[in-house]
Structures are given as C-alpha cells and as structure tokens.
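The structure appears below as structure tokens.
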Amino acid sequence: MSDSPARHLALQGASNFRDLGGYPTIDGRTTRWRHIFRSNHLGQLTAADIEIVRALGVRSAFDFRGVEERAAGVCVVSEITVHSLPIEPSVVAALRTELASGTLTAPVALELMRESYRNYVRYHTNSFRNLFGHLLEDRAPLVIHCTAGKDRTGFASALILHALGVPDEIIAEDYLLTNQYYKRDATAAFDLPEDVRNAIGSVEASYLAAAFEAIGSEYGDLETYLRDALKLGTAERTALQARYLQA
C-alpha cells in the first residue's frame, strides 16, 4: 500500500533500522506499524537521527550485545530505557581460531555462522524468553538490536513474527532484507579474508534455517518451543497478538 509508513528508516549513524509492521498474519490480521523496530546498535546516531527516533516515540531498547560490545557503543538517545539481554558474540573468535590453524575458508565461515544460530537455541533461549516477557509488558514503541542488527536480532525478530502468526515465507523475506539495508563496517574483522568477511557480513536463509532445525532437534517443533521454552502459552500468545496486531 502506497500510504503505508516506510519500513526502512535511512538513518545516518545506524543501518538496518526498520519496522516489523504491516505484515499479514495467517488469520487475516496485520502487524502494527510503528510498534516494534529492529536495528543495529544505537551508539553512533547523529543529532538528526536522534530526532527521528524521538519522533517515533521509541521508549525501550532490547540489546542482545555482550559486555564489551555494549561498552563500545552506548545508546545515545537519553530517554530510551535499555534492557540488556546479553548473548556474547562467538563467531569472529572462532574464525580467528580457524585462521590461526590454517583451516579458514568461506564454507567454514558459513558453517560457523549456522552453528552460532543453533547455539542461540541451545544456550541462549533465556535471553529470548526474557524478551517476550518484556513484550508482554507493552513497552512499545520499542527497538530490538545487537551490534549489526542481523543475527541475534534477526532470530529474535523471526520468533516475534512467528508468535504473532506471520507466515514463514514473509518471515524469511523480512530476515533477508538485512542484505539490502545493512551497511558493513569496513574496519570490522579486517584481518580475515574477504570471502570470510562477506560470509559474516550478510545473512543467508541457511543461517535462520539452522536455528529452526535446532528448535526441532531440541524441542520437537516450534510450537513446543514457543510454549515450553519461551513461556508463550495460549493466554500469552493472545495477549501478544492483541497488543501488536490489528484487524
């Protein structure tokens, strides 16, 4: 629809800042615009960016970054309350281990990325469960982010859209929008080969698929994961949908 708000907000000091609104659900409703945003970190916003974020009314940020990442890029919007849901980064360290042993290739990098997504499910489900606890408290408009806003944030966004009843193919499309909007930091992991940096500087459908494969292996299926691991029973799902969907 031409009169829909912009999905991607082109900020100067952030990339990949976009709205999870406007997506149809299986039962014929639509995710609400201007309630849930996803982004990379908010530590380099310009004065003009800050005014845009303020105009959106963002009150809360849910930050999946680890300790050092958070210290390197503190949120510069003073009225946003930041809730830390830490998942320490592991991929670059693992890549450097492979580099040191002479075994680093692009396929190895791709598999390390997939394994990091599996580990979100195996070891960090508590962070995603805590996110849904906050979402049920209705802190919108809100933003979910990590450093790049593509992996930890991408999985979290996929879980939110699933919980709201958005079809799989639309969730996959939203996930892959990162490749259109994410501006890579040219100085990040510059010691790694270019094909490896390409693998970790973008998203692939196989990354998200690996997380959902892990859900199947560990919990049987996604509905069981939502109910038992993320504590989203019928009442919680209904409350989430009432809050973040519209007819």
Side-chain angles (χ1 to χ4, degrees), residues 1 4-5 7-8 16-33 35-39 62 64 87 110-111 113-122 124-125 127-129 131-132 135-136 140 142-146 148-182 199 202-247:
M1 285 171 48
S4 294
R7 178 163 308 288
H8 176 250
N16 216 15
F17 191 108
R18 58 190 210 259
D19 195 326
L20 291 182
Y23 288 133
T25 63
I26 293 163
D27 67 2
R29 289 183 283 178
T30 307
T31 56
R32 289 185 189 275
W33 286 103
H35 275 58
I36 302 175
F37 299 93
R38 51 171 296 177
S39 182
F62 300 99
F64 288 110
I87 299 174
L110 291 170
E111 183 53 31
M113 288 296 298
R114 287 189 282 268
E115 186 68 3
S116 73
Y117 275 70
R118 295 182 193 111
N119 288 340
Y120 297 156
V121 176
R122 295 171 182 149
H124 300 294
T125 284
S127 287
F128 299 104
R129 181 169 58 245
L131 172 65
F132 279 100
L135 292 177
L136 283 163
L142 58 92
V143 60
I144 298 158
H145 73 89
C146 47
K150 67 185 192 69
D151 299 312
R152 291 163 287 189
T153 299
F155 180 53
S157 299
L159 289 176
I160 290 167
L161 294 175
H162 270 297
L164 293 174
V166 174
D168 291 356
E169 62 272 17
I170 294 175
I171 293 172
E173 288 171 12
D174 177 80
Y175 174 75
L176 292 172
L177 282 178
T178 282
N179 290 336
Q180 189 172 334
Y181 294 122
Y182 175 55
S202 58
V203 293
E204 280 207 359
S206 71
Y207 299 169
L208 192 59
F212 287 106
E213 287 161 12
I215 286 173
S217 299
E218 302 276 326
Y219 295 92
D221 58 42
L222 177 59
E223 289 301 311
T224 303
Y225 182 70
L226 292 174
R227 185 189 70 227
D228 295 351
L230 300 183
K231 306 303 180 189
L232 295 174
T234 303
E236 289 80 12
R237 292 280 286 277
T238 300
L240 267 184
Q241 292 170 359
R243 208 156 269 168
Y244 299 109
L245 296 181
Q246 61 190 32

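Small disclaimer: the values here were computed from a predicted structure and weren't measured.
Arg237 contributes a side-chain N or O that, together with a main-chain N or O of Ala163, makes up a donor-acceptor pair within less than 3.5 Å. Without hydrogens or angle criteria, Thr153 side chain to Cys146 main chain gives a donor-acceptor distance under 3.5 Å. Here the side chain of Arg129 pairs a donor or acceptor atom with the backbone of Ala229 at under 3.5 angstrom. The main-chain N or O of His35 is never found under 3.5 Å from a side-chain atom of Asp19 such that the two would form a donor-acceptor pair.
Here Phe64 pairs with Phe128 under the ring pair (Phe, Tyr, Trp, His ring centres under 6.0 Å) rule; sequence neighbours left out. Among residues two or more places apart in sequence or in another chain, the ring pair (Phe, Tyr, Trp, His ring centres under 6.0 Å) test is passed with Tyr207 by Tyr117. Scanning for ring pair (Phe, Tyr, Trp, His ring centres under 6.0 Å) contacts around Phe212 gives Phe155, His162, with sequence neighbours left out. A search for salt bridge (charged side-chain N to carboxylate O under 4.0 Å, His left out) contacts involving Glu204 returns nothing, not counting sequence neighbours. Every residue meeting the ring pair (Phe, Tyr, Trp, His ring centres under 6.0 Å) condition with Phe37, not counting sequence neighbours, appears here in chain and number order: Phe17.
Scanning both residues, Tyr175 and Arg18, for their nearest heavy atoms gives O-NH2, 3.9 Å. Closest of all the heavy-atom pairs between Val166 and Ile171 is O-CD1, 3.3 Å.
Once rounded to the nearest 0.5 Å, the distance linking CD1 of Ile87 with CG of Asp151 reads 10.5 Å. Note that CD1 of Ile215 and CG of Leu226 are 7.0 Å apart. Values are rounded to the nearest 0.5 Å. Note that CD of Gln180 is 11.0 Å distant from CZ of Arg7, once rounded to the nearest 0.5 Å. For the atom pair CG (Leu20) and CD1 (Ile144), the distance works out to 6.5 Å, reported to the nearest 0.5 Å. We find the OG1-OH distance between Thr125 and Tyr225 to be 2.5 Å, quoted to the nearest 0.5 Å. Residue Ser157 holds its OG atom at 12.0 Å from NE2 of His145, rounded to the nearest 0.5 Å.
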Exercise for review: Assess whether side-chain contact (heavy atoms from CB on, under 4.5 Å) is satisfied between Leu161 and Thr31, documenting all intermediate values.
Suggested key: CA-CA 8 Å; Leu161 294 175; Thr31 56; 4.2 Å; yes

Exercise for review: Test Leu131 against Ile160 for side-chain contact (heavy atoms from CB on, under 4.5 Å), laying out the working first.
Suggested key: CA-CA 9 Å; Leu131 172 65; Ile160 290 167; 4.1 Å; yes

Point to revise | Worked check of side-chain hydrogen bond (donor to acceptor under 3.5 Å, both in side chains) between Tyr219 and Asp228 | key: CA-CA 9 Å; Tyr219 295 92; Asp228 295 351; over 6 Å; no

**Study point:** Arg122 and Glu218: CA distance, side-chain angles, deciding distance, side-chain contact (heavy atoms from CB on, under 4.5 Å) verdict
**Key:** CA-CA 7 Å; Arg122 295 171 182 149; Glu218 302 276 326; 3.8 Å; yes

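When side chains are defined from C-beta on, Tyr182 does not count as touching Val203, because their heavy atoms never get closer than 4.5 Å. At a threshold of 4.5 Å between non-hydrogen side-chain atoms, the residues Pro24 and Ile170 count as touching. Residues Leu208 and Leu176 are not in side-chain contact: their nearest non-hydrogen atoms beyond the backbone lie 4.5 Å or more apart. The closest side-chain heavy-atom distance from Glu236 to Phe132 is not below 4.5 Å. Side-chain contact between Glu213 and Val121 is absent, with no heavy atoms from C-beta onward closer than 4.5 Å. By the 4.5 Å heavy-atom criterion applied to side chains, Leu136 and Leu232 are counted as neighbours.
Screening residues 20-29 for salt bridge (charged side-chain N to carboxylate O under 4.0 Å, His left out) gives Asp27-Arg29 as the qualifying pairs, with residues at least two apart or on separate chains.
Here the rule is side chain to side chain contact (heavy atoms under 4.5 Å, CB included) with Arg38, and of Asp174, Leu177, Val143 only Asp174 fits it.
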